[in-house]
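In the text below, chain A, chain B and the rest are named by the order of the sequence lines, each starting its count at 1.
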2 protein chains.
Amino acid sequence: MASLEDMAVSAFINILSAFAFLLAFAALRVQPINSRVYYPKQYINGSRSSPRGFSTGVLRFVNFNIWSYVVSFFSWVPEAVQMSQAEIIHHAGLDSAIYLRIYILGLKIFAPLTISALLILIPVNVSSGTLLGLKKEIVFSDIDKLSISNVSPGSERFWVHLCMAYIFTIWTCFMLYKEYDNVAFMRLHFLASQHRRVEQFTVVVRNVPQISGHSIAESVDHFFQKNHPDHYLSHQAVYNANKFDKLVRYKERLQNWMDYYELKFERNPEKRPTTKIGFLGLWGERADSIDYYRQRINVLDKRIASERQKILKDSKAILPVAFVTFDSRWGAAVCAQTQQSKNPTLWLTDWAPEPRDVYWKNLAIPFVSLSIRKLIISITLFALIFFYMIPITFVQSLANLEGLEKVAPFLKPIIELKLIKSVLQGFLPGLALKIFLYILPTVLMIMSKLEGYFSLSMLERRASAKYYYFMLVNVFLGSIIAGTAFEQLYSFLHQSPTEIPRTIGVSIPMKATFFITYIMVDGWAGVAAEILRLKPLVIYHLKNMFIVKTDRDREKAMDPGSIGLPENLPNLQLYFLLGLVYAVITPILLPFVLVFFIFAFLVYRYQIINVYNQEYESGGAFWPHVHSRIIGSLLISQLLLLGLLSTKKAAHSTPLLIILPVLTIWFHKYCKSRFEPAFRKYPLEEAMEKDTMEKTCEPGLNLKAYLADAYLHPILQMSEDIEVGEIRVDKSKTRSSPQRTEPISTSPPNYVSHYSSSPHYHQYDYYDDDDSSSPPHYVYPHVI
Amino acid sequence: MASLEDMAVSAFINILSAFAFLLAFAALRVQPINSRVYYPKQYINGSRSSPRGFSTGVLRFVNFNIWSYVVSFFSWVPEAVQMSQAEIIHHAGLDSAIYLRIYILGLKIFAPLTISALLILIPVNVSSGTLLGLKKEIVFSDIDKLSISNVSPGSERFWVHLCMAYIFTIWTCFMLYKEYDNVAFMRLHFLASQHRRVEQFTVVVRNVPQISGHSIAESVDHFFQKNHPDHYLSHQAVYNANKFDKLVRYKERLQNWMDYYELKFERNPEKRPTTKIGFLGLWGERADSIDYYRQRINVLDKRIASERQKILKDSKAILPVAFVTFDSRWGAAVCAQTQQSKNPTLWLTDWAPEPRDVYWKNLAIPFVSLSIRKLIISITLFALIFFYMIPITFVQSLANLEGLEKVAPFLKPIIELKLIKSVLQGFLPGLALKIFLYILPTVLMIMSKLEGYFSLSMLERRASAKYYYFMLVNVFLGSIIAGTAFEQLYSFLHQSPTEIPRTIGVSIPMKATFFITYIMVDGWAGVAAEILRLKPLVIYHLKNMFIVKTDRDREKAMDPGSIGLPENLPNLQLYFLLGLVYAVITPILLPFVLVFFIFAFLVYRYQIINVYNQEYESGGAFWPHVHSRIIGSLLISQLLLLGLLSTKKAAHSTPLLIILPVLTIWFHKYCKSRFEPAFRKYPLEEAMEKDTMEKTCEPGLNLKAYLADAYLHPILQMSEDIEVGEIRVDKSKTRSSPQRTEPISTSPPNYVSHYSSSPHYHQYDYYDDDDSSSPPHYVYPHVI
């Protein structure tokens with residue numbers, strides 16, 4: 001266990017590295033060459049264009065203005081806080097704004113907790129001084145003098161801790177309630193003030209039954225005309241477009257090559273570029289590149305067009321899923337919230353996610369398969385959490401030097417070098433674990449996809465939940481009780497329910513120093529590294545050097561992605577857990593958590609303004625998860641305190657702690673019924689209000705044209721787009737449609753750009769008077 | 001532990017007493033004087049009228065036909081099975097028919113289980129013979145030779161038990177699935193084939209907000225006209241009618257007295273009866289009774305009428321609840337299943353229960369109060385289950401002879417008599433427990449009422465759930481592990497999760513003989529006692545002797561009540577639990593369970609045909625509970641088998657058992673999503689079909705008149721009824737409206753009589769062509 005001096009050293013190192021990261025950030029971000037890494041959001045918005053326009057020569061790449069470095073170091077904080085919340089919503093969407101509110105919630109919870117804990121609990125703990133007497137026998141860290149361990153067993157002072165536990169719980173619940181209320185209001189307000197959106201009129205219907213003699217389209221039409229006669233408008237079939245997808249991707253690549261050669265020819269007009277037309281361009285006849293690619297693209301275009309026609313006409317390519325559109329929000333709200341069919345496994349209706357939020361591959365999973373997938377994935381997740389060390393240990397046992405020498409004998413001379421040998425011996429065993437932890441979020445996302453959720457936002461939430469459980473067991477519990485998760489599971493199964501919180505509770509104060517170090521490394525230096533964006537910076541420049549051939553490629557390379565909820569949410573929730581668990585036990589940990597929340601809030605606010613580009617808008621649908629995880633942390637902290645106090649012979653005060661979890665669970669249930677419907681359902685009152693407003697403002701609105709093709713598979717839509725040759729180049733700037741086919745990896749910015757660039761978009765106004773306000777880009781005239 | 005001989009003696013005694021009960025039943029039910037006890041359902045139906053019409057003299061009371069006694073003893077079984085299921089639904093409603101299907105499910109599950117267990121498991125157990133060698137040390141019962149205890153630890157024979165556990169689980173799940181499917185189909189079919197019912201068009205709206213300047217009625221009208229413009233018809237306010245209620249009850253009593261004196265005068269026309277008009281009729285002037293009561297009723301009538309007007313006009317008497325009616329089933333289905341308001345705690349909509357199923361007192365509980373009530377009741381229930389022995393022990397310690405002598409010194413000489421003293425000393429301590437167990441169902445029902453459910457069917461289901469938990473902990477676990485529930489709780493908290501099933505599992509085979517005896521006493525003799533109806537018989541005759549003055553009183557006295565789901569369901573579920581737990585461990589218990597299911601099925605079928613009168617029709621809404629409790633029993637049986645095998649050193653086979661509970665839970669989840677919506681929601685497809693059908697068949701239907709006043713508080717309705725003086729007597733025969741005010745205790749038979757007596761009612765026909773088919777009795781012309 002570390003002494004206070006050790007802690008100070010650790011703090012010094014971490015603050016220093018955080019400072020270094022910030023310095024590097026200040027230096028790097030003023031270089032014009034890096035601006036696409038540090039301000040990608042501004043490029044997407046169009047508020048910043050290619051830096052090469054401004055200056056020439058080396059100035060295009062490097063900044064020599066010393067003053068700007070100084071400004072840069074200090075100015076990011078004002079830059080981060082200058083935007084108001086309303087502006088953030090406008091700029092980056094509600095999801096990002098609500099994500100930032102998690103940090104604010106952390107501040108609101110932990111600032112008063114820190115102050116009261118420092119003022120009350122630490123004096124109580126220090127003045128008790130049992131440990132001072134025991135010092136000779138057991139080496140306690142100095143931090144333990146500030147913790148509950150310093151209070152002698154059976155002391156009446158535990159009443160103070162009991163009261164503080166009550167006050168902390170009440171305060172946390174109060175803040176949680178207020179914040180839930182606030183977020184629910186923000187969401188409702190956002191939905192109410194939104195402009196007309198296709199998903200407001202659309203419901204996704206899954207498990208459409210196959211009726212012999214009727215096509216899917218016919219049965220959908222028939223069913224909804226019969227059961228929603230007053231409001232049913234039309235529907236959009238979902239096509240199985242795998243083959244088509246491949247063709248389009250192939251054409252993408254060819255197109256890119258052609259662009260490259262055109263650019264090359266433009267810059268060097270004397271020499272027309274040529275290409276070998278054989279295998280992979282490595283051998284064969286030479287041909288004029290531009291002509292060659294143009295010709296191949298033309299051939300492919302015809303194939304694509306015929307394939308497209310085939311898909312749209314072939315009834316077998318239609319999946320038993322449909323996007324059903326209604327003539328009013330009321331009609332859609334009714335259809336989404338009711339049961340349609342007598343057989344509850346058919347005609348399942350749900351709110352349609354936004355078009356860019358749809359995960360197309362999972363739409364057509366049948367009901368039984370879905371149920372089996374969930375079973376298998378939950379068993380797998382359980383195994384992954386508790387037994388992940390088994391395959392890693394196995395790999396580690398293989399990945400030793402002898403094994404490597406056997407597999408690759410030619411490496412033997414190098415490996416046998418003493419220096420390299422010792423490095424490898426220290427490095428290899430950890431490598432398997434590092435790789436595992438690095439790919440874990442991806443693995444969890446794949447698991448969520450296999451589970452069958454059909455919107456990206458839902459997938460991210462599920463992956464985030466899985467990651468949280470992993471962290472809870474393997475980081476939190478795993479650090480407190482030494483040993484693998486599997487060993488913990490085994491010991492928990494063989495301990496009594498009252499014994500478990502006691503075992504954990506007792507070792508909690510001893511691990512305080514570890515967690516303080518963890519917070520400084522991960523929460524201070526780690527967050528500073530986040531703003532530096534070292535990895536994207538390196539990758540961007542590498543790509544720029546080796547891969548980027550055209551502007552389209554550069555746009556792809558600079559794509560900042562979204563905040564990364566699946567990883568960031570669980571991380572954040574871990575800080576809440578640490579803060580709440582240690583609030584009563586070792587209050588000295590609280591200031592560290594508080595510093596994390598302040599610093600991370602500023603960094604992420606800055607990043608959201610300048611870097612990240614949210615892929616979809618879920619309207620803060622993740623908040624109920626945040627709320628319930630914090631409640632879960634509260635419960636864990638209460639049980640552990642109970643366990644700890646029961647070993648401290650505080651017989652008078654301990655039983656009173658049992659009431660706390662009961663009240664907390666009740667509070668959670670109350671909040672759930674009070675606020676959660678705002679995130680899961682769409683009230684008819686609201687729908688009717690917006691409908692009426694719309695009818696009076698825009699009486700001649702052609703909704704059918706507005707909604708047509710909105711939910712056509714993006715790849716089919718895109719090809720339409722390409723067919724209209726002359727506007728292709730314009731559009732590719734704002735749309736960069738290709739990414740649509742892989743919705744997770746990159747974010748097509750069309751939606752956001754529509755929001756932010758449209759001059760007609762007034763925030764919190766119900767309607768634009770101007771009827772010409774541009775509709776979202778994916779609305780096209782009816783072609784099919 | 002009992003030997004096989006002891007068991008045989010016990011079986012003999014129980015079979016004998018069951019036989020004696022059946023004999024007594026055969027003898028008593030042929031007595032005309034008892035016919036109102038044994039055939040109340042036939043009186044309610046009108047298929048049997050007062051027995052006094054048939055014969056004269058003593059024959060009116062006693063049956064001297066010997067042959068009829070012999071027939072009576074044998075004929076009840078054919079009488080019980082003669083009706084088809086469709087006839088039962090027609091005769092007693094779907095709830096009763098589905099209740100009987102629980103017994104059929106028991107038979108379907110346990111008949112094959114019994115045969116396979118007897119043929120395979122018992123030979124395996126007997127031939128193992130470890131216990132024979134140990135016999136000198138521990139006295140095992142002979143039954144243990146047939147059980148799993150007889151297999152030596154570590155034997156490979158446990159594979160047989162493992163396989164049987166799998167086969168039993170799969171079979172049970174298969175049967176559960178088929179039965180759930182069947183019951184869901186019956187329910188949907190029943191709903192589809194039902195005649196027009198008011199509840200199909202009605203939604204109950206709770207938590208109507210108080211808007212200043214508007215009455216509740218205005219805001220309801222405004223809200224629904226705005227948000228359901230196409231389908232909203234009107235609404236029925238709910239009145240706070242406490243004072244009115246009292247007046248009406250008082251009038252009831254006066255009316256009854258007048259009837260009594262009129263009858264007296266009719267029989268003895270010479271002498272007009274007189275009454276003292278002072279306090280309680282004990283002193284004061286004498287007056288002519290009939291005139292006196294008529295005059296008082298007239299006075300009261302005026303007060304009632306004015307009070308009624310006052311309530312209907314006073315906006316303060318309107319509670320923030322309303323029954324909202326729609327012009328179509330589709331509109332009601334939409335409103336019931338969607339969220340109305342932006343604030344999810346306001347305008348809560350739910351399906352309206354049938355008018356006779358409404359528990360009026362709980363309609364107006366606010367949202368927050370409901371949430372707090374649930375918390376308090378669940379804590380209370382927990383305390384009741386685990387600590388109920390504490391107050392009883394306390395009462396027992398008070399209720400000894402010394403205490404009694406102190407309280408009532410005049411009893412001393414009697415108590416001091418030796419005989420009486422010993423009887424009292426043996427009797428008194430048990431008395432408190434007996435009284436507690438006797439009033440327990442009532443207590444649980446009161447708790448459910450306090451919890452705030454607003455339909456009788458829901459209240460019964462909740463009370464039944466509470467009773468089941470009580471039985472599970474205190475009867476099942478309490479018998480297996482000696483000691484009070486509190487002691488169990490304490491020991492469970494201090495044992496590890498793997499230890500608990502082991503502790504219980506080990507003692508399970510030892511308790512087999514106890515449970516076999518329990519089944520014989522409660523399941524064989526107890527069921528025979530059920531058909532004898534000794535308590536209602538005695539109460540009926542006592543009432544007839546002392547209380548009954550008029551025909552109305554007699555009708556009240558003979559009221560058979562409903563089946564008593566709150567007590568019978570948990571009892572039945574206990575048999576499922578016992579059967580499933582012992583199926584692998586001590587299979588010899590299975591035949592006893594099987595006999596119970598056969599016998600109880602016959603008895604309850606007979607009782608449903610002849611005695612019970614279901615108060616409401618919930619369409620089998622309790623089935624999901626039955627299903628999930630049986631799944632729960634399966635899980636318990638699997639965990640206990642796991643615990644038992646883990647002590648038997650069957651290291652190879654035990655781990656494979658862990659898969660079973662996982663699969664069972666998955667099966668439950670699947671069934672829940674597959675079938676439960678059929679019990680909780682109303683598919684729009686169905687609603688639309690019935691609406692369309694109705695529109696084509698009855699184009700001129702005046703729905704508004706049909707629905708008007710259907711959900712007026714019964715007491716307000718009834719008084720209207722009484723005002724229409726001349727038809728009062730006719731109606732009282734079929735309606736017996738007074739009971740309406742206490743919906744739990746008695747059942748107004750109007751609804752059922754409407755079904756069964758109406759010649760226009762064709763089962764499973766969608767519509768009666770005849771428009772004149774009588775509407776339910778509570779539809780009256782618009783008065784308010």
Side-chain angles (χ1 to χ4, degrees), chain A residues 184-185 188 192 223 226-231 330 333-345 347 367-368 370-372 374-375 378-379 382 491-500 659 662-663 665-666 669-670 673-678 680-689 692, chain B residues 184-185 188 192 223 226-231 330 333-345 347 367-368 370-372 374-375 378-379 382 491-500 659 662-663 665-666 669-670 673-678 680-689 692:
Chain A
F185 174 79
L188 283 178
F223 186 86
K226 197 173 133 210
N227 294 313
H228 295 270
D230 301 336
H231 299 284
W330 192 91
V334 160
C335 183
Q337 293 179 49
T338 49
Q339 193 195 340
Q340 307 303 315
S341 149
K342 289 176 211 174
N343 181 341
T345 62
W347 299 105
F367 186 78
V368 180
L370 216 56
S371 166
I372 295 171
K374 284 205 175 116
L375 170 71
S378 23
I379 295 173
F382 182 85
S491 76
F492 286 166
L493 284 177
H494 291 81
Q495 281 182 322
S496 78
T498 49
E499 199 60 37
I500 296 168
I659 305 164
V662 176
L663 287 179
I665 290 171
W666 174 79
K669 282 196 161 185
Y670 177 74
S673 57
R674 171 75 183 77
F675 296 117
E676 211 178 285
R680 304 273 173 266
K681 292 173 175 178
Y682 191 56
L684 294 187
E685 188 184 14
E686 173 82 26
M688 191 51 103
E689 245 170 42
T692 323
Chain B
F185 174 78
L188 283 178
F223 186 85
K226 196 174 135 213
N227 293 313
H228 295 269
D230 301 335
H231 299 285
W330 192 91
V334 160
C335 184
Q337 294 178 51
T338 49
Q339 193 195 341
Q340 307 304 312
S341 148
K342 289 176 211 175
N343 181 341
T345 63
W347 300 104
F367 186 78
V368 180
L370 215 58
S371 166
I372 294 170
K374 286 213 172 108
L375 170 70
S378 22
I379 294 174
F382 182 85
S491 76
F492 285 165
L493 283 177
H494 290 82
Q495 282 181 320
S496 77
T498 48
E499 199 62 37
I500 295 168
I659 304 163
V662 175
L663 287 179
I665 291 171
W666 174 78
K669 283 197 159 181
Y670 177 73
S673 57
R674 171 73 182 78
F675 296 116
E676 211 179 284
R680 304 273 172 267
K681 293 173 173 176
Y682 192 57
L684 294 187
E685 188 184 13
E686 174 84 25
M688 193 45 104
E689 248 170 40
T692 322

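Using a 4.5 Å cut-off on side-chain heavy atoms (C-beta onward), A:Gln337 and B:Gln337 make no contact. Counting heavy atoms from C-beta on, the side chains of A:Ile372 and B:Trp666 come closer than 4.5 Å. Residues A:Trp330 and B:Val334 have side chains in contact (heavy-atom distance under 4.5 Å, counting atoms from C-beta outward).
With a 4.5 angstrom heavy-atom cutoff, B:Phe367 touches chain A only via side-chain atoms. Residue B:Leu663 touches chain A through its side chain alone, counting heavy-atom pairs closer than 4.5 Å. With a 4.5 Å cut-off on non-hydrogen atoms, B:Ser673 touches chain A through its backbone and its side chain both. Looking at A:Ile379, the atoms closer than 4.5 Å to chain B (heavy atoms on both sides) all sit in the side chain, from C-beta outward. The part of B:Leu188 that comes within reach of chain A is its side chain, from C-beta onward, which places non-hydrogen atoms under 4.5 angstrom from that chain. Neither the backbone nor the side chain of A:Ile665 comes within contact range of chain B, judged by heavy atoms closer than 4.5 Å.
For A:Lys226, the NZ atom counts as densely surrounded, since its 6.0 Å shell holds more than 12 non-hydrogen atoms of other residues, nucleotides or ligands.
For A:Lys342 against B:Glu685, the heavy-atom pair with the smallest separation is N-OE1, 3.1 Å. In this structure, B:Leu684 and A:His228 approach most closely via the heavy-atom pair CD1-CE1, 3.4 Å.
Taking B:Thr338, B:Val368, B:Val662 one by one and counting their heavy-atom pairs under 4.5 Å with chain A, the maximum is reached by B:Thr338. Contacts with chain B were tallied for A:Gln339, A:Met688, A:Lys669, A:Lys681; A:Gln339 has the most, counting heavy-atom pairs under 4.5 Å.
Rounded to the nearest 0.5 angstrom, B:Arg674 CZ and A:Thr345 OG1 are separated by 4.5 Å. Taking CG of B:Asn343 as the start and CZ of A:Phe185 as the end, the distance is 12.5 Å to the nearest 0.5 Å.
Shown here are the salt bridge (Lys or Arg N to Asp or Glu O under 4.0 Å) partners of B:Glu676, two or more places apart in sequence or in another chain: B:Lys672, B:Arg680. With sequence neighbours left out, the salt bridge (Lys or Arg N to Asp or Glu O under 4.0 Å) criterion links A:Lys374 to no other residue.
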